[in-house]
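All heavy atoms count here, side chains included; hydrogens, waters and symmetry mates do not. Everything quoted here is computed from the prediction, not taken from an experiment. Below, chains carry the letters A, B, ... as their sequence lines are ordered, and counting in each starts from 1.
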Number of protein chains: 2
Amino acid sequence: MALDRQRIVTEAIALLDAEGLDGVTTRKLATRLGVRSPTLYWHFPNKAALVTAIAEEILEEQFPELTRPGPEERWQDWLSGLATRLRRALLAHPDGARIVSASQLSLKMAAISELAMSTLMERGFALRQARLIVLTVERFTLGFVLEEQWPRPEAGSGEDLDLAAYGAMFPTVMAGVTDYFQPGRTVDDLFQDCLRMVIEGPPAAP
Amino acid sequence: MALDRQRIVTEAIALLDAEGLDGVTTRKLATRLGVRSPTLYWHFPNKAALVTAIAEEILEEQFPELTRPGPEERWQDWLSGLATRLRRALLAHPDGARIVSASQLSLKMAAISELAMSTLMERGFALRQARLIVLTVERFTLGFVLEEQWPRPEAGSGEDLDLAAYGAMFPTVMAGVTDYFQPGRTVDDLFQDCLRMVIEGPPAAP
DNA sequence: GGGTCCTCCCTATCAGTGATAGAGAGGAGC
DNA sequence: GCTCCTCTCTATCACTGATAGGGAGGACCC
């Protein structure tokens, strides 16, 4: 099987799923491809370019095509769905947010921005407003998933002890966390609630 | 001069300022301190702990003390100021956002959250609402600066060419950028505008 | 005073990383 | 048949974070 960019990226993502971003080394990837590591440098100028290609692929998986809202659909709901798909893309692979945030000038990301901004303008927003809204939603989503994705589950160590001390020092934060995740709520709900605040606005100030 | 954590962190930040996060290696840092690199491992268990300490120091610089709003101050203005200080902290050193986002369980960050949430609750917000607002503002700010801070200015290469192609593919995005940075506007204004949207709510939907 | 422990820094060394130089196999096209 | 081009190889670099284990020197106790 010939070695081309697409096959390299596909295998890189498999390796990423297995070992996380830090596990994606040129040697391990080459071994998986039945090849020696310098070979990769014929297809990619350096590792950063490879990571960028991975980022594009991750986005592509979740956005095979970009669709505008239906005529009856509220722009708020449509934009919220777009952000949710973006988050899903970032969550679909370990360190997804780190990877996408490290990839500069992503074409797919730009295409998403283009779609969102032009859609908002069709709905009557001025250029500047459209840009503000889209930028805010995108960067919030990235920041959210970045923190959400941090601690690769490596349980075992003294976790409760830290949590107890933490709760003593920051009672309100602690109360907020435990209050929030009470019945069947998940981080997904948290994201949706925050996203709604960004898009629809915060609750009336008391 | 005795070597202690504080002196190591101070010198690490000087090195960070000079060479960026990737330039902060144990050897370079040790050389600056007049010491050999394994010595650092007596003071820090590993490099991640060092980076976390750097993150705490970066936040500490900008938040030597945490102050609540005055009785007449709108919570929106106070919270906006808090986020602005957070952004300033992240921007004060190269890769600041990367560093802080990579540091897990930052105590200073938790202290900031605690202050913000309890302040909002004093102003009448329910626990859950306070948490949503604070979380959203924090993660948005992190995401914003993370992207803002990306391209370490390394000009020279074919930059205009890319921009031209970019503009052809994504006209609305391009128009938004050029429209925005017209007269004396800067990224600071962009951040403030986005932040206002998060805190005060988006403009009335057309 | 003498012994013992602890703190702090050292030398030597490891495995692993991204990356480059330069050789060579093998097919395409003239 | 020759030449070029595409692709992969071996060999090697400079560096990285990290560990093992030794030793100087002060603190502290008998």
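Distance CH2 (B/W42) to C1' (D/dA24): 15 Å, rounded to an integer number of Å. Residue A/L33 contributes atom CG, which lies 15 Å from atom C1' of D/dC9 at whole-angstrom precision. At whole-Å resolution of the value, CG in B/L50 and C1' in D/dG17 are 12 Å apart. Distance CZ (B/F44) to P (C/dT7): 17 Å, rounded to an integer number of Å. If you take CG of B/L3 and C1' of C/dC8, they are 9 Å apart, rounded to a whole angstrom. Atom-to-atom, CZ of A/R5 to C1' of D/dC7 comes out at 16 Å; the value is rounded to the nearest Å. Here the P atom of nucleotide C/dT17 and the CG atom of A/L21 are 13 Å apart, to the nearest Å. Going from atom CG of A/L29 over to atom P of C/dT17 covers 12 Å, rounded to whole Å.
Remark on DNA chain C: of its neighbouring residues A/T25 and A/P45, the 5'-side contact belongs to A/T25, judged by nearest-heavy-atom nucleotide. Looking at which nucleotide of DNA chain D each of B/D22 and A/H43 is closest to, the 5′-most match is held by A/H43.
Distance from the side chain of A/K28 is smallest for C/dT17 among the nucleotides C/dT17, C/dG18, D/dT16. Nearest to the side chain of A/Y41, among C/dT7, C/dA19, C/dT17, sits C/dA19. Residue A/K47 has its side chain nearest to C/dG18 when only D/dG17, C/dG18, C/dC9 are considered.
Between A/D22 and A/R98 a salt bridge is recorded (basic side-chain N to carboxylate O distance below 4.0 Å). A/R7 has no carboxylate O lying under 4.0 Å from a charged side-chain N of A/D4, or vice versa, which leaves the two without a salt bridge.
Although no hydrogens or angles enter the test, the distance criterion places no donor-acceptor pair under 3.5 Å between the side chain of A/K108 and the main chain of A/I58. The main-chain N or O of A/L190 is never found under 3.5 Å from a side-chain atom of A/D193 such that the two would form a donor-acceptor pair.
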Between N or O atoms, less than 3.5 Å apart, protein on one side and nucleotides 10-13 of chain D on the other: list the pairs.
from	atom 1	to	atom 2	distance (Å)
D/dT10	OP2	A/R36	NH1	3.4

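Taking both residues in full, the closest heavy atoms of A/L127 and B/T172 are given as CD1-O, 3.9 Å, listed atom of the first, atom of the second, then distance.
Within 6.0 Å of the CZ atom in A/R36, the count of heavy atoms belonging to other residues, nucleotides or ligands does not exceed 12.
Listed by chain and residue number, A/E148, A/D188 satisfy the side-chain hydrogen bond (donor to acceptor under 3.5 Å, both in side chains) test with A/R87 (two or more places apart in sequence, or in another chain).
Side-chain contact check for B/R88 and B/Q62: at least one donor-acceptor pair (N or O, by modelled atom type) lies under 3.5 Å.
For the pair A/R128 and B/Y180, the cation-pi test (distance below 6.0 Å, angle within 45°) is passed.
Taken over five-pair windows at either terminus, the axes of the helix from C/dG1-D/dC30 to C/dC30-D/dG1 are inclined to one another by 10° (rounded to 10 degrees).
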